[in-house]
Engineer: 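I'd like to ask some things about the structure below.
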Amino acid sequence: MAAPLSTALDIYFSGHHSDVKRTSLSRKWLRQNMSKKFAICCGTSKSTPKAHPTSEEPGTKGASLSEQLKPLSNITLSSPTTEQSHVLSKPKSIWVNPTKPKRTVLSLQRQKRTSHSYNPQIRDLKRFAQKLNDCDDSEGDFLAALEEIPQPLTRDNALLVLNSLRPWQKAYLFFNWLKSRNLFPLETIFYNVTMKSLRFGRQFQLIEDLANEMIENKIELDNITYSTIISCAKKCNLPDRAVHWFERMYKTGLMPDEVTYSSILDVYARLGKVEEVLNLYERARATGWKPDPITFSVLGKMFGETGDYDGIRYVLQEMKSLGVQPNLVVYNTLLEAMGKAGKPGFARGLFEEMIESGITPNEKTLTAVIKIYGKARWAKDALELWERMKNNGWPMDFILYNTLLNMCADLGLVEEAERLFEEMKKSEHSRPDSWSCTAMLNIYGSIGDVELAMELFEEMSESGIALNVMGCTCLIQCLGKAMQFDDVVRVFDISIEKGIKPDDRLCGCLLSVVSLCEKSKDEKKVLACLQQANPNLVVFIKLVVDKKTSFETVKEEFKGIMSNAAVEVRRPFCNCLIDICRNKGLQERAHELLYLGTLFGLYPGLHNKTADEWCLDVRSLSVGAAQTALEEWMGTLTRIVQREEQLPELFLAQTGTGAHKFSQGLGIAFASHVKKLAAPFRQREDKVGCFVATRGDVVSWVQSQLPSAAATT
DNA sequence: TTAGGGTTAG
């Protein structure tokens, strides 16, 4: 039988592929169709999958709600099956009768809470509940204290007490006591209140036990029950259980209201199932639902997680077209999302719009915006905002303090950071912690001030602030650059002793320190550290620096090392390995490594070609890797000239000015290598870190390198 | 927490 709830949307959205193309397609589709009252065709295939409806939705009349909803839970929520992929691969143009109302997927009415009348005993009961809260946690003491309960213990009185008990253990004990006394039937609300308490204690198993008990005793589970179960599963990082209960809800014929619905949207969003979220969202919208700001916050966060700028704009556009005014949380979420999508300009606009609308930013807003300005290196905007924060007395907390410190590190604002750090020391609620110290170590590392970095390191152990893995990395990097290898080893050993677990970034840092060692005794010491952190990496280094190792072996092992490393450290790993080889005069191996790095996609955008201009962009390369890339490029150009193939008018090599104002070494080293190779590039005066050559320059350079060729022309 | 959903740090 045809799936009753199926519409064009079922076929279009039933896929479980989360690739970007489909997601953006879905959204595009959503954008175009949201306001239309009927579904339109969405496929071109001529064949009709039997399992799906064509122009009608047959078989829905008289079907139970549970049956009607089955396809939704099966098609939308469960894992993909061959049948579904079949459906997906053969979409069919279909029309849905516009006069037929959309089948609902959520109840537009939020579940009403029962109102209770004023309880004249409220003061006595509150006092009694307080006494229970104050008594010892042991079951015996609690039950003894219960003997003094004000009489009579009516349903309402019991509920009031249950609601006032905390922590969860006491509420749970009281609930079980009520059950054993059998004074009155324990209806849904008693379970809901108890579950709420259990949720605070993250006791998902107990909540699930209670839910099963309700089912067994035929006590109705309502929207509040389900949303409590789902949000607890989410809190306990058990998305599968959240989905399970959501599906069960449909199967039993209970329609979720918007609270339950947005809660499950959030579950899917956190699982990264963008398409499912959009599917559910669209379906609900199509039945006339006007989502509230919480839903938009969920969507905004989801798009932020994938840095999906179009998605964020879609959320804004939806809110605008539905006349939903963003609240503080929505603004915060969208600002955060804009940051993740790398759109500082739009974030700034949104922030100003928020202020304009009369909303006062809180700590989270300011943390998001300061972070964005810092990462974008917008010093002017960051400092202006900081000033505004002070002038307006906007709220600060220690996360915001630490974010300001990180911003200072990003912008190289050393004095400002030091002032702020001192201010934190004097403050009552925002004393420096590991994060603050890490930011300072980062700053001292960036300006290469080993003394200040080590001073802070000692100060930390005196004041009992633990060094974390990132602080350790910053400090070791700083010591390495200062060639203080014994201190590198000392800091590393202390860190391990104190229980720091080395991560890939720390390994990358140690690897870069290895590349700085000039004496073999230093190299040995640092390699011994690396041996503890990542023995495989040490094995690989030995293999690579051994001339006898074949390229095929290097390639195989390279693959293993890189696939085991976090994505963000793969390129730095490769850069350092190239540096190590070059330092040992193993140029050929360095070229092989650069080739492998390129092969495995670690250097996207290294070469950029247009008809008029070829560009070598070495901005993300280390000195050795950049030199290797330049040699490689000159070799390629030589071959092209010799073969008399087409060349563009202009050649460009970019080193950039260094991502950080303290790291400008690459341009200098590159320039000297250009000179050494007598390559025809000259540094542009108007643009630092940019080297240019014309076609004529390159051709004559090649000819000068090949005297015999020059003689014949 | 006063029966249920959303937002801050390398």
Side-chain angles (χ1 to χ4, degrees), chain A residues 110-116 122 125-126 129 159-168 171 187-201 221-232 234-235 242 256-267 269-270 291-302 304 315 326-337 339 361-372 374-375 395-407 409-410 433-436 438-439 441-442 468-474 503 505 568:
Chain A
R110 203 183 273 214
Q111 184 182 321
K112 294 264 186 303
R113 297 186 187 197
T114 48
S115 59
H116 49 267
I122 188 159
L125 290 163
K126 284 269 177 189
L159 203 47
L160 212 147
V161 172
L162 181 62
N163 208 6
S164 314
L165 290 178
R166 52 203 54 120
W168 65 270
E187 323 134 42
T188 306
I189 189 168
F190 283 89
Y191 282 87
N192 289 351
V193 174
T194 310
M195 283 186 184
K196 181 193 65 169
S197 204
L198 291 170
R199 198 190 50 178
F200 273 104
L221 282 78
D222 63 13
N223 258 285
I224 295 175
T225 322
Y226 279 111
S227 61
T228 310
I229 298 170
I230 289 168
S231 62
C232 181
K234 196 159 63 178
K235 216 174 175 181
D257 67 8
E258 71 172 333
V259 175
T260 318
Y261 207 73
S262 62
S263 187
I264 203 71
L265 285 183
D266 189 39
V267 172
R270 281 165 202 243
D292 67 0
I294 292 181
T295 310
F296 289 117
S297 173
V298 167
L299 294 182
K301 184 174 180 189
M302 174 180 80
V315 173
N327 63 16
L328 179 61
V329 177
V330 171
Y331 273 119
N332 290 351
T333 313
L334 291 176
L335 285 168
E336 181 83 8
N362 68 4
E363 299 88 333
K364 290 177 174 124
T365 324
L366 299 166
T367 297
V369 181
I370 284 289
K371 186 176 149 192
I372 290 167
K375 293 279 163 267
M396 291 275 278
D397 64 3
F398 77 102
I399 294 181
L400 182 49
Y401 265 109
N402 285 344
T403 306
L404 284 166
L405 282 180
N406 283 325
M407 178 269 282
D410 285 331
D433 66 349
S434 299
W435 289 71
S436 331
T438 301
L441 288 172
N442 190 9
N468 61 24
V469 65
M470 191 183 171
C472 171
T473 307
C474 292
D503 61 4
R505 284 171 195 249
E568 72 268 18

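Just so it is clear, the model here is predicted, and its values are computed rather than measured. Below, chain A is the first sequence line, B the second, and so on; all start at residue 1.
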Engineer: Within the modelled atom types, does a donor on one side and an acceptor on the other bring the side chain of A:Asp257 and the base of B:dG4 under 3.5 Å apart?
Structural biologist: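 By the distance-only test, yes, there is a pair.
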Engineer: OP1, OP2 of B:dT1 versus side-chain N and O of A:Arg166: anything below 4.0 Å?
Structural biologist: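 Checking B:dT1 against A:Arg166, no side-chain N or O comes under 4.0 Å of OP1 or OP2.
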Engineer: Under 4.0 Å between any heavy atoms, over every strand shown, what does A:Thr194 touch: base, sugar-phosphate, or nothing? Just pick one.
Structural biologist: nothing
Engineer: Mind checking if A:Tyr331 touches a base, just sugar-phosphate, or nothing, with heavy atoms under 4.0 Å?
Structural biologist: nothing
Engineer: Counting any heavy atom closer than 4.0 Å, what does A:Thr188 reach on the DNA or RNA strands: base, sugar-phosphate only, or nothing?
Structural biologist: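 No contact.
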Engineer: Once you apply a heavy-atom cut-off of 4.0 Å, does A:Val329 come out as touching a base, just sugar-phosphate, or nothing?
Structural biologist: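 Answer is base: heavy atoms of A:Val329 come under 4.0 Å of a base.
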Engineer: Does B:dG5 have its OP1 or OP2 closer than 4.0 Å to a side-chain nitrogen or oxygen of A:Arg270?
Structural biologist: no
Engineer: Between A:Thr295 and A:Asp292, does the side chain to side chain donor-acceptor pair (under 3.5 Å) criterion hold? Intermediate values first, please.
Structural biologist: CA-CA 6 Å; A:Thr295 310; A:Asp292 67 0; 3.1 Å; yes
Engineer: For the base of B:dG4, is there a side-chain donor-acceptor partner from A:Ser227 under 3.5 Å away?
Structural biologist: yes
Engineer: Just call it for A:Ser231: base, sugar-phosphate, or nothing, with non-hydrogen atoms closer than 4.0 Å on any strand.
Structural biologist: sugar-phosphate
Engineer: Do A:Asp503 side-chain and B:dG10 base share a donor-acceptor contact under 3.5 Å?
Structural biologist: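 Such a pair does not exist between side chain and base.
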Engineer: Would a distance-only check, ignoring hydrogens and angles, find a side-chain to backbone donor-acceptor pair under 3.5 Å from A:Ser197 to A:Val193?
Structural biologist: no
Engineer: In whole Å, what is the span from the CZ atom of A:Phe190 to the P atom of B:dG4?
Structural biologist: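 It works out to 15 Å between those atoms.
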Engineer: Spell out yes or no: do the side chain of A:Thr367 and the base of B:dT8 have one donor N/O and one acceptor N/O closer than 3.5 Å?
Structural biologist: yes
Engineer: A:Asp292 side chain: which of B:dA3, B:dG5, B:dT7 is closest?
Structural biologist: B:dG5
Engineer: Considering only atom P, compute the distance from B:dG5 to B:dT1 and round it to an integer number of Å.
Structural biologist: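 Each nucleotide's P atom is 12 Å from the other's.
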Engineer: Could you check how far CZ of A:Arg110 sits from P of B:dA3, rounded to whole Å?
Structural biologist: 14 Å
Engineer: Which heavy atom of A:Ser164 sits nearest a heavy atom of A:Ala129, and at what distance?
Structural biologist: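 Here A:Ser164 and A:Ala129 meet closest at CB-CB, 3.6 Å.
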Engineer: Is there, by distance only and without an angle test, a donor paired with an acceptor across the side chain of A:Asp397 and the base of B:dT8 below 3.5 Å?
Structural biologist: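 When only heavy-atom distances are counted, A:Asp397 does reach the base of B:dT8 through a donor-acceptor pair under 3.5 Å.
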Engineer: Using the C1' atom on both, measure B:dT7 against B:dA3 and round to a whole Å.
Structural biologist: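 Nearest-Å result for B:dT7 against B:dA3 at atom C1': 24 Å.
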Engineer: So, does the side chain of A:Thr438 form a donor-acceptor pair with the base of B:dG10 at under 3.5 Å?
Structural biologist: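 Such a pair exists between side chain and base.
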Engineer: Looking at every strand, decide which applies to A:Asp266 at a 4.0 Å heavy-atom threshold: base, sugar-phosphate, or nothing.
Structural biologist: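 Sugar-phosphate, no base atom in range.
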Engineer: Going by an N to O cut-off under 4.0 Å, is there a salt bridge joining A:Lys301 and A:Glu336?
Structural biologist: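 Here A:Lys301 does not pair with A:Glu336 in a salt bridge, since their nearest N and O are not under 4.0 Å apart.
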Engineer: Quantified in whole Å, what is the P atom distance between nucleotide B:dG6 and nucleotide B:dT2?
Structural biologist: 14 Å
Engineer: Please report the closest heavy-atom contact between A:Asn223 and A:Gln111, naming both atoms and the distance.
Structural biologist: N-OE1, 2.8 Å
Engineer: Answer yes or no: does a side-chain N or O of A:Arg199 lie under 4.0 Å from OP1 or OP2 of B:dG5?
Structural biologist: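 Affirmative; the distance criterion is met.
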Engineer: Please confirm whether any donor atom in the side chain of A:Ser263 sits under 3.5 Å from an acceptor in the base of B:dG5, or the reverse.
Structural biologist: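 No.
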Engineer: How would you label the contact of A:Lys126 with the nucleic acid (heavy atoms, under 4.0 Å): base, sugar-phosphate, or nothing?
Structural biologist: base
